[in-house]
Amino acid sequence: MTAQLIDGVAIAAKVRGEVAQRVAERIAAGKSRPGLATVLVGEDPASQVYVSNKRKACAEAGIEAEPFAHKLPATATQAEVDDLVTRLNANPAVNGILVQLPLPKHLDEERVLSAIDVTKDVDGFHPLNIGRLAMKGRDPWFIPCTPAGCIRLLEETGVKFSGANAVVLGRSNIVGLPMAMLLQRRDCTVTICHSRTRDLPAVVRSADILIAAVGRPEMVRGDWVKPGAVVIDVGINRIADATRKSGSRLVGDVCFPEVVEVAGAVTPVPGGVGPMTIAMLLQNTLTAAERGES
Ligand code: GUN
């Protein structure tokens with residue numbers, strides 16, 4: 001059997017189209033244009049590309065990002081970053097604030113993320129947002145973008161959540177942890193795996209829904225996967241490939257050629273989860289603007 005391919009490019013385009021339309025309707029109704037502030041500290045090349053892609057996507061959806069694009073040197077002090085966040089919190093034209101991670105080592109990430117107004121925390125990384133996500137009967141203001149994108153991919157695939165065994169590989173604050181909490185809120189039975197998990201292949205084989213977010217190229221093999229399982233590959237790893245002009249190519253945390261023969265549905269890398277992160281950021285920014293009115 002060959003798995004259904006979950007097309008993240010098409011689903012992200014659909015989300016971005018929905019956001020663009022709702023923004024246009026706001027503007028036509030005389031309401032404000034949603035605004036997203038981005039804060040990039042230092043020169044990390046990957047972070048520069050991510051932030052630039054986020055700003056471009058905002059422009060396409062009619063969200064204002066260029067006037068609020070802040071770049072600080074790698075030597076920026078804690079007080080400088082804190083001051084900037086305080087000013088953005090107070091700016092009514094800014095509905096969402098995104099501080100790109102990782103921050104340079106001398107800065108206190110927790111302090112910066114905690115300083116963001118929770119109602120503008122479109123990344124969903126504020127401890128109050130994560131805490132509310134973890135609690136029964138509470139709702140966060142925002143859900144972190146990559147896990148939210150994974151849930152949307154699963155929904156679009158028609159996955160049944162209630163009672164499903166979900167296995168999450170990885171326990172990062174950005175993906176693994178919120179992902180596990182989201183699946184649990186949808187009544188999955190959730191197992192979180194990490195480097196100390198015993199007999200990882202056997203645990204992974206119990207998954208009806210598998211989320212791989214460990215950053216290890218092609219770690220999940222075909223014989224780890226339950227036939228018919230739905231597999232979401234969050235990994236983006238660059239590996240050497242002498243057959244390519246560039247000398248390298250991108251692979252996920254899942255060995256795609258093997259897993260595609262066993263799974264019921266699987267996301268490719270690239271073109272799976274990647275495009276969803278930005279789409280959900282746009283959606284969160286629009287939500288922030290809409291809430292500001294009510
Ligand atoms: N670094 C890696 N992923 C993310 C993300 O989704 N948001 C931010 N702000 N930083 C990141």
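Predicted, not measured: the structure shown is a model, and the values here were computed from it. Indexing begins at 1, ligand by ligand and atom by atom, following the structure's order.
The heavy-atom pair separating Val19 from Ala61 by the smallest distance is CG1-CB, 4.3 Å. Closest approach of Arg186 to Phe161, counting heavy atoms only: O-CB, 3.5 Å. Ala207 and Val167 make their closest contact through CB-CG2, 3.6 Å (heavy atoms, listed as atom of the first residue, atom of the second, distance).
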Need the list: ligand 1 N/O atoms against protein N/O atoms, distance under 3.5 Å, rounded to one decimal.
unit_1, atom_1, unit_2, atom_2, d
ligand 1, 1 (N), Gln100, NE2, 3.4
ligand 1, 1 (N), Leu101, O, 3.0
ligand 1, 7 (N), Asp123, OD1, 3.2
ligand 1, 7 (N), Asp123, OD2, 3.2
ligand 1, 9 (N), Val99, O, 2.9
ligand 1, 9 (N), Asp123, OD2, 2.6
ligand 1, 10 (N), Gln100, NE2, 3.4
ligand 1, 10 (N), Leu101, N, 3.0

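Look at Arg185 and Asp139 and you find a salt bridge, because one of the NZ, NE, NH1 or NH2 atoms lies within 4.0 Å of a carboxylate O, short of that distance. For Arg152 and Glu18, the salt-bridge test passes: some basic side-chain N is under 4.0 Å from an acidic carboxylate O.
Counting heavy atoms of neighbouring residues, nucleotides and ligands inside a 6.0 Å radius, atom CG of Asp117 exceeds 12 of them.
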